[in-house]
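In listed order, ligands and their atoms are each counted from 1.
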Amino acid sequence: MSEQRAFKTEVQKLLDLVIHSLYSNKEIFLRELISNASDAIDRIRFQSLTNADLLEGDSDWKIKLTADKDAKTLTVSDNGIGMSEAELENNLGTIASSGTKKFLEELAKNKENMPPELIGQFGVGFYSAFMVGSEVTVITRQAGGQAFKWTSKGDGFYTIEPATREKRGTDVIVKLTEDNEEFLNEWKIRKTVERFSNYVEFPITMDIRREEPVLDKDGKRVEGAEPKVTITEETLNSQKAIWQKSKSEVTQDEYNEFYRHISHDFVEPLETIHWNVEGQTEFRALIFIPAKPIFDMFVPEMKDKGVQLYVRRVFITDKCDELVPSYLRFLRGVVDSSDLPLNVSREILQQNRTIRIIQKNLVKKVLDTLAEMKSKDVDKYLKFWDAFGPTLKEGLHMDFENKDRLVELLMFDSTATADSRKTSLEEYVSRMPEAQKEIYYLNAEDRAAAEKSPVLEAFKAKGYEVLFSVDAIDDWVMNDVPEYKGKSFRCISKGDVDLDSEDEKKAKEESRKQAEADNKDLLETIKELLKDKVADVKLSHRLTESACCLVGGEYSMGDQMAKIMKAMGQEVPDAKKILEVNPDHPLVAVMRKLRAQDAKSPKLEQFVKMLYGQAQLMAQIPLDDPLEFSKIVSNLLVADGENSIQ
Ligand code: ADP
């Protein structure tokens, strides 16, 4: 006799919520049923170690899926531990796990704002079967026990009655609703298993039916003949959770194949890191550093997906921000923890101590690997740096704990490196002449622009190396790293730069004073003519060859940073630059003469405009009025030409 029993109220609530909120992720029901089956096998396997009788001669572990197209049922069967009547009642009539309870509370609080893809990351267990089924039946038998059948339509009641089942184990039979009949489809089942349960340790099998036409001896189809039907039991999951194996058991080819599978990247990974951690927190991780940023044209949503989180081989999520900090978002791979519950919620992930410990360990491992790569195989490291350097640098702004490690990983183009080479800060400092007190860098659009900058002249003359900071993010980086090994950083296109030592300054004192006096009138005239364009006009101590240059004020925002801010729609104060003039340049000498003859000379005005235009061009700043500039240059050249002909 079957007896109608009512669900505990919270179960009914959960059922309703699950069905309505998770609907867009309904295929996870299969993941849940398969993982219950896998747990049940785990348990019998464990218990049989001390009591072999429990096996009843059946230790061919397997989870079998059966789609019955006539009955419209999908059945998940296992030869696991099975349930007694009391267990059926307790496990399926109440909410067993606290994780489920938590999920229920969260969902009730947040029903409207919880995006479905997040909800899909919760483990919701057995009840998710009601998302796709109008009725669920469980037939189960324990070793040596009697079989029972549990049935419910998810309407608040269930029945339990004695049943028959030949062998130990459990069948969960889901009667699919009309709009979920796709789960009878072999292809759909295959895809769902591959996505969520591919690495479950036990084979997940299905009988595959194939029809082959009858052919005559010439290979032609025999008209009217019934096709030959073959049924073969196939395993749908790969089972090979290669991260569960030890390193020595896996070849690089196998790693690469797995990387291709999870990343959709057709290029081999630059580095493979495989390790496991035992002790208070236990997890295994297989992390790949791609060779290049992955952009999957055909699966654009892949680009937001990072390291996948598994709990005991069952896929949980590939969007766990807490697992990998965003500056390592280029990593791909798997972390498998045995310390997290399967029905771990998004909220639990955010606060979970285990996740935090895993993250810390993962970051350290990756940064150590990069440091080793840099010291042992710099060419390989430069490949990494070219691909992900700017992303890694973001860590300096975010990860205080690993700042020192990250600083050691920085690489720069510099005046001392060949075109495709770069220098680390350690190497830079080791090359610094004794007289050099600071680490110099120049902010520029790219290396070619930096190399031509007139502000480098004095540094070249002194033999001081200058780093080129060419990534848009470098302005931030330099602010976040005020010094390295006790040497502060200095941007050479900002503020006053005077490389002369105290002795040199003293020796030059007279001549500098003289230059100030000789050029005073000229500077004033230039200042007056350019008063709307520049903040100040000064004699330069950093130019040796060029006539002039534009520099920023000591505390001004870097050009790159200003560009980013503008691109982000931020208001950026249009900070005027300072025009520095080289008093030893012949052009300036000519201007001095013109000024001495006539303070209001129209020709002098043309010279000033040309000087300013040159400074803009050298600083890669667009000219205010290119037409006027080219006219002035032509006029001056014509005058010069006529003079030389006469
Ligand atoms: P959870 O798996 O998170 O505990 P579920 O709602 O999925 O929650 O399942 C409740 C309980 O029912 C499980 O903990 C387990 O004891 C039992 N159970 C479910 N499926 C099976 C199965 N196939 N074989 C044996 N026991 C099962």
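- Taken to the nearest 0.5 Å, the CD1 atom of I357 stands 3.5 Å off from the OG1 atom of T281.
- Counting only residues at least two apart or in different chains, salt bridge (Lys or Arg N to Asp or Glu O under 4.0 Å) contacts with residues 228-237 comprise K62-E233, K64-E233, R190-E234, R210-E234.
- Inclusion of D78 in the set of residues having an N or O under 3.5 Å from an N or O of ligand 1 is warranted.
- Residues meeting the ring-ring contact (aromatic ring centres under 6.0 Å, His included) test with F258, sequence neighbours left out: Y199, W243.
- At least one heavy atom of R43 sits closer than 4.0 Å to an atom of ligand 1.
- Taking only nitrogen or oxygen atoms, main chain and side chain alike, M83 does not reach within less than 3.5 Å of ligand 1.
- Here E408 does not pair with K374 in a salt bridge; the nearest charged N to carboxylate O distance is not below 4.0 Å.
- Residue N91 places at least one N or O, backbone or side chain, under 3.5 Å from an N or O of ligand 1.
- Within the structure, the closest approach of E32 to ligand 1 does not fall below 4.0 Å when heavy atoms are considered.
- At distances below 3.5 Å, not a single donor-acceptor pair connects side-chain atoms of R405 with backbone N or O atoms of D368.
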